[in-house]
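First comes the structure, then the notes that go with it.
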Amino acid sequence: MTTMTEASVREFKMPDVGEGLTEAEILKWYVQPGDTVTDGQVVCEVETAKAAVELPIPYDGVVRELRFAEGTTVDVGTAIITVAVAGGAPGEEPAAAPEPEPEKKPEGRQPVLVGYGVAASSTKRRPRKGPEITVAEVAVQASIQTELNGHSHAPAPAEALAELPRPLAKPPVRKLAKDLGVDLATVTPSGPDGVITREDVHAAVATPEPTAPAPVAPAAPVAPAAPYDTARETRVPVKGVRKATAAAMVGSAFTAPHVTEFVTVDVTRTMKLVEELKQDKDLQGLRVNPLLLIAKALLVAIRRNPDINASWDEANQEIVLKHYVNLGIAAATPRGLIVPNIKDAHAKTLPQLAESLGELVTTARDGKTSPAAMQGGTVTITNVGVFGIDTGTPILNPGEAAILAVGAIKLQPWVHKGKVKPRQVTTLALSFDHRLVDGELGSKVLADIAAVLEQPKRLITWG
């Protein structure tokens with residue numbers, strides 16, 4: 001058995017599980033201090049701004065400490081759990097040596113997001129000890145400081161080294177301090193290795209340094225703010241997926257000029273086809289519903305009008321035409337609205353599309369949608385009809401040119417073959433980015449979708 005003197009302590013740090021995200025909330029711990037863990041074992045579930053994901057530990061050992069409680073938001077790169085592993089003396093890192101031994105772990109392994117596989121190993125930076133800061137690190141810090149403070153001159157590395165020590169803080173914390181008018185040099189750090197945290201900056205704002213008050217004229221007394229009545233109101237913090245969705249929708253609404261067009265269509269024949277397909281042996285066990293044929297109708301319309309499948313590149317002032325369709329399906333989950341997409345939906349047969357739709361919905365409902373599943377979408381469907389809503393004006397998913405809203409399918413009086421008859425009717429709404437989709441193109445796409453749903457045999461003649 002490994003004794004304490006034969007064990008070393010390893011810190012597992014919060015990884016970047018979503019391409020540039022800076023923080024994640026710990027939703028649930030699956031282990032406790034004293035538990036034995038193995039390489040690849042899931043130890044916790046975290047929620048980023050994109051999704052909830054599970055984190056595996058990258059080595060074997062015994063859990064020593066959980067650094068944060070459930071519900072805590074933690075910066076990427078911060079140690080969240082310590083594990084005693086076999087080999088070496090106890091401590092966070094081996095003693096300094098001229099040529100440090102490489103960390104003994106499976107070759108090419110590093111913490112990765114579940115579902116992404118094992119990423120190639122990268123060079124690990126040694127923790128900073130005391131004032132030892134390299135010229136390269138100082139240059140980077142100086143560059144960041146220049147960008148945040150708007151200085152026209154950044155000190156050369158040699159000049160910056162002469163000014164050490166200087167406050168240690170991550171770029172998001174430095175920006176927060178700048179926005180709040182806080183001088184980081186006056187803030188007492190509480191993070192590991194003397195790093196200033198968000199909480200430190202907020203604490204500095206809450207307890208400003210005393211200054212001599214300037215003489216001012218007496219002001220009228222201000223009534224105190226009404227206390228928050230917990231019996232009559234509930235306040236829910238905006239974070240995680242819901243916070244990211246809100247920011248994305250505001251950005252989309254005020255960046256892309258939205259235009260929405262509507263059409264009401266008789267889908268009686270489509271509904272009959274759905275019932276027939278449910279009995280087809282090639283579709284047994286698959287999710288067959290109106291959304292399946294609506295998705296297929298949209299794909300046919302895109303094939304006939306490929307310019308709708310595009311995005312706007314503001315930086316390069318270009319329209320990017322996509323020769324593939326990653327079909328997004330808006331899904332309401334307990335954590336908020338997410339839009340996972342079916343990769344290369346244009347190349348799928350009807351049974352393959354049905355299978356992909358079923359997997360997408362099940363994964364979203366279980367809260368297991370990965371960030372990768374929500375990236376790279378080209379066009380989206382949102383089905384508000386499941387809530388009994390006739391239609392709406394959907395907001396574009398950022399980076400996409402069009403989104404189709406499907407309303408409730410209802411039995412309504414309809415003129416059919418010269419007579420008023422009860423028919424299955426729905427209303428479709430297509431929102432599009434008017435910078436790259438004009439009225440003609442948007443109208444053609446919506447008209448083609450309606451035509452396919454009215455006469456589903458066009459899935460064959462047009463497909």
Side-chain angles (χ1 to χ4, degrees), residues 7-85 90-93 110-114 124-125 127-128 167-177 187-206 235-244 334-336 367-368 370-371:
S8 63
V9 175
R10 292 288 183 268
E11 292 183 336
F12 177 53
K13 298 179 180 180
M14 179 71 74
D16 178 0
V17 296
E19 295 189 3
L21 297 178
T22 60
E23 62 186 18
E25 178 188 350
I26 298 175
L27 295 179
K28 184 177 182 179
W29 284 109
Y30 295 122
V31 296
Q32 293 298 324
D35 290 352
T36 299
V37 294
T38 58
D39 182 6
Q41 177 180 340
V42 173
V43 294
C44 68
E45 182 182 22
V46 301
E47 182 181 28
T48 71
K50 295 183 178 181
V53 296
E54 294 178 330
L55 300 183
I57 201 80
Y59 31 72
D60 303 336
V62 177
V63 177
R64 290 284 299 276
E65 179 186 7
L66 305 182
R67 292 287 183 87
F68 298 95
E70 294 177 356
T72 305
T73 298
V74 182
D75 288 340
V76 168
T78 302
I80 60 175
I81 180 175
T82 57
V83 176
V85 300
E92 294 184 3
E93 294 289 341
Q110 68 178 20
V112 295
L113 173 64
V114 174
K124 181 179 179 182
R125 188 180 66 183
R128 180 177 294 143
L168 298 179
K170 298 179 181 179
V173 177
R174 292 185 181 278
K175 186 176 186 304
L176 174 65
V187 177
T188 302
S190 64
D193 299 323
V195 175
I196 297 173
T197 67
R198 283 187 174 85
E199 291 72 19
D200 298 335
V201 175
H202 286 297
V205 175
R235 299 196 175 216
V236 180
V238 180
K239 55 185 179 180
V241 174
R242 197 174 299 275
K243 181 178 181 179
R335 294 190 178 97
K368 302 300 182 182
S370 69

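The figures that follow rest on heavy atoms only: side chains count, while hydrogens, waters and symmetry mates do not.
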Under the rule for salt bridge (charged side-chain N to carboxylate O under 4.0 Å, His left out), what residues qualify as partners of Glu65, not counting sequence neighbours?
Arg67
Val63 backbone acceptor or donor facing Asp35 side chain under 3.5 Å:
no
So how far is it from Cys44 SG to Glu54 CD, rounded to the nearest 0.5 Å?
9.0 Å
With Glu45 via salt bridge (charged side-chain N to carboxylate O under 4.0 Å, His left out) - residues at least two apart
Arg335, Lys368
Could you work out, with side chain to side chain donor-acceptor pair (under 3.5 Å) as the rule, every residue matching Gln41, not counting sequence neighbours?
none
For Ile57, run the side chain to side chain contact (heavy atoms under 4.5 Å, CB included) check against Val43, Val42, Val85 and tell me which one passes.
Val43
Which residues pass the salt bridge (charged side-chain N to carboxylate O under 4.0 Å, His left out) test with Lys28, not counting sequence neighbours?
none
Considering non-hydrogen atoms only, spot the tightest contact between Pro371 and Val53 and give its length.
CD-CG1, 3.5 Å
Listed by chain and number, what are the side-chain contact (heavy atoms from CB on, under 4.5 Å) partners of Val74, not counting sequence neighbours?
Met14, Ile26, Phe68, Thr72, Thr78, Ile80
If you take all heavy atoms of Pro189 and Ile196, which pair is closest and at what distance?
CB-CG1, 3.8 Å
Which atoms form the tightest heavy-atom contact between Phe12 and Pro58, and what is the distance?
CD1-CD, 3.7 Å
With heavy-atom distances below 4.5 Å as the criterion, would you say the side chains of Val76 and Pro15 are in contact?
no
Over all atoms of both residues, closest heavy-atom pair of Gly191 and Asp200:
N-OD2, 4.1 Å
Thr73: partners by side-chain contact (heavy atoms from CB on, under 4.5 Å), with sequence neighbours left out:
Glu23, Glu25
Any Trp29 side-chain heavy atom under 4.5 Å of Ile81 side chain:
yes
Minimum heavy-atom distance Leu66-Val31, with the two atoms named
CD1-O, 3.5 Å
Check against side chain to side chain contact (heavy atoms under 4.5 Å, CB included), Arg64 and Val9
CA-CA 8 Å; Arg64 290 284 299 276; Val9 175; 3.2 Å; yes
Does any part of the side chain of Val83, heavy atoms only, come nearer than 4.5 Å to the side chain of Val37, both counted from C-beta?
yes
Tell me every residue that passes side-chain contact (heavy atoms from CB on, under 4.5 Å) with Thr188, counting only those two or more places apart in sequence or in another chain.
none
